[in-house]
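To start, the structure itself, in structure tokens.
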Amino acid sequence: MNRPEVHQAGVRDVAFGERVKIVEPCNLYGCKLGDDCFIGPFTEIQKGVVVGARTRVQSHAFVCELVTIGEDCFVGHGVMFVNDTFSTGGPARGRKELWRETVIGNRVSIGSNATIMPVRIADDVVIGAGSVVTKDITTSGTYAGNPARRLLASQ
């Protein structure tokens, strides 16, 4: 009988700011967490990710490589960040030169179960729960849907 290669989830090679709180189990490696961050359980934050001060990442979130999240942000439960756009018609299969980055501004709130493709999101944006962000968001406001679109304030 064959034995699998087993990797343990854990917290390793993380640069922590002051007063950071994490709830295990979580898988954090090679990332940087600013002061006063909160990371919920069953969360994975991969190498090279930077999470700004006072940002909360709730349970079951996945933050892949090439993601930067600003200060005073909220990342809801089950939010998924994507860095592989399948630009060749299929997965990059580890070819990191095909991956793309995501940059989230300050004071951005991302609702539960949203999917964030490689984009740039301006400061002071709210992303509705379950939304799929496929294009850059350059103007503050509330966005929702698949694909996410700006919601206009009611008159």
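Quantities reported herein were computed from a predicted structural model and do not represent experimental measurements. Because only heavy atoms are used, hydrogens play no part in the values below, and waters and symmetry mates are left out as well, while side chains stay in.
- Under a 3.5 Å cut-off, the side chain of D84 and the backbone N or O of F86 do form a donor-acceptor pair.
- In this structure, the side chains of I39 and V23 stay at 4.5 Å or more apart for every pair of heavy atoms.
- Using a 4.5 Å heavy-atom cutoff, the side chains of S59 and P41 are in contact.
- Using modelled atom types, one finds a donor on one side chain and an acceptor on the other under 3.5 Å when comparing H7 with E5.
- Grouping the Ile, Leu, Val, Met, Phe, Trp and Tyr side chains by contacts below 4.5 angstrom, directly or via other members, places I69 with V11.
- Rounding to the nearest 0.5 angstrom, the gap separating the CZ atom in R95 from the OG1 atom in T88 is 6.5 Å.
- Minimum interatomic distance between S131 and A144 (heavy atoms only, all atoms of both residues): OG-CA, 3.1 Å.
- Note on M117 and V126: separate hydrophobic clusters, where clusters join Ile, Leu, Val, Met, Phe, Trp and Tyr whose side-chain heavy atoms are under 4.5 Å apart, directly or indirectly.
- The nearest pair of heavy atoms linking P118 to T85 is CG-CG2, 3.6 Å.
- A salt bridge links R107 with D124: the closest approach of a Lys/Arg side-chain nitrogen to an acidic carboxylate oxygen falls below 4.0 angstrom.
- Residue I121 holds its CD1 atom at 11.5 Å from OG of S140, rounded to the nearest 0.5 Å.
- Counting all heavy atoms, side chain and backbone alike, A61 lies closest to G76 at CB-O, 4.3 Å.
- Summarising the geometry of R19 relative to D35, their closest heavy-atom pair is NH2-CB, 4.3 Å, with the distance given to 0.1 Å.
- For T55 (side chain) and G70 (main-chain N/O), a donor-acceptor pair under 3.5 Å exists by modelled atom type.
- Between the R150 side chain and the I137 main chain, no donor and acceptor come within less than 3.5 Å of each other.
- Stacking of R56 on the aromatic ring of F38 is recorded, both the 6.0 Å distance cut-off and the 45° axial limit being met.
- Of the inter-residue distances, the one linking R149 atom CZ with T134 atom OG1 reads 8.0 Å to the nearest 0.5 angstrom.
- Here the CD atom belonging to E44 is positioned 13.0 Å from the CZ atom belonging to F81, to the nearest 0.5 angstrom.
- The hydrophobic cluster containing V57 also contains F16, counting ILVMFWY residues as joined when their side-chain heavy atoms lie under 4.5 angstrom apart, directly or transitively.
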What verdict does the side chain to side chain contact (heavy atoms under 4.5 Å, CB included) test give for N27 and R12, after you've listed the backbone C-alpha separation in whole Å, the side-chain angles of each residue and the deciding distance to 0.1 Å? CA-CA 8 Å; N27 199 26; R12 59 192 180 283; 3.6 Å; yes

Verify side chain to side chain contact (heavy atoms under 4.5 Å, CB included) between T102 and N83, making sure each step is shown before the conclusion. CA-CA 7 Å; T102 295; N83 60 15; over 6 Å; no

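- More than 12 heavy atoms of other residues, nucleotides or ligands shown are found within 6.0 angstrom of CD on E97.
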Yes or no on side chain to side chain contact (heavy atoms under 4.5 Å, CB included) for V49 and T68, after CA distance, side-chain angles and deciding distance? CA-CA 6 Å; V49 170; T68 301; over 6 Å; no

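- Expressed to the nearest 0.5 Å, how far SG of C64 lies from CD of E101 amounts to 11.5 Å.
- N106 places no side-chain N or O within donor-acceptor distance of the main-chain N or O of D123, the cut-off being under 3.5 Å.
- Side-chain atoms of Q46 come within 3.5 Å of backbone N or O of E65 as a donor-acceptor pair.
- A single hydrophobic cluster is seen to contain both I110 and Y143, as judged by linkage of ILVMFWY side chains at heavy-atom distances under 4.5 Å, directly or through other members.
- Nearest heavy-atom pair across T43 and L28 is O-CD2, 4.4 Å.
- When all heavy atoms are compared, the tightest approach of G105 to C73 is O-SG, 3.1 Å.
- Checked for salt-bridge contact, R54 and D36 miss the test: no charged N lies under 4.0 Å from a carboxylate O.
- Both V14 and V51 belong to a common hydrophobic cluster when Ile, Leu, Val, Met, Phe, Trp and Tyr are linked at side-chain heavy-atom distances under 4.5 angstrom.
- Atom CD1 of I45 and atom SG of C31 lie 5.5 Å apart (nearest 0.5 Å).
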Do D13 and Y29 pass the side chain to side chain contact (heavy atoms under 4.5 Å, CB included) test, and can you show the C-alpha distance, the side-chain angles, and the key distance before you say yes or no? CA-CA 5 Å; D13 302 322; Y29 53 93; 5.6 Å; no

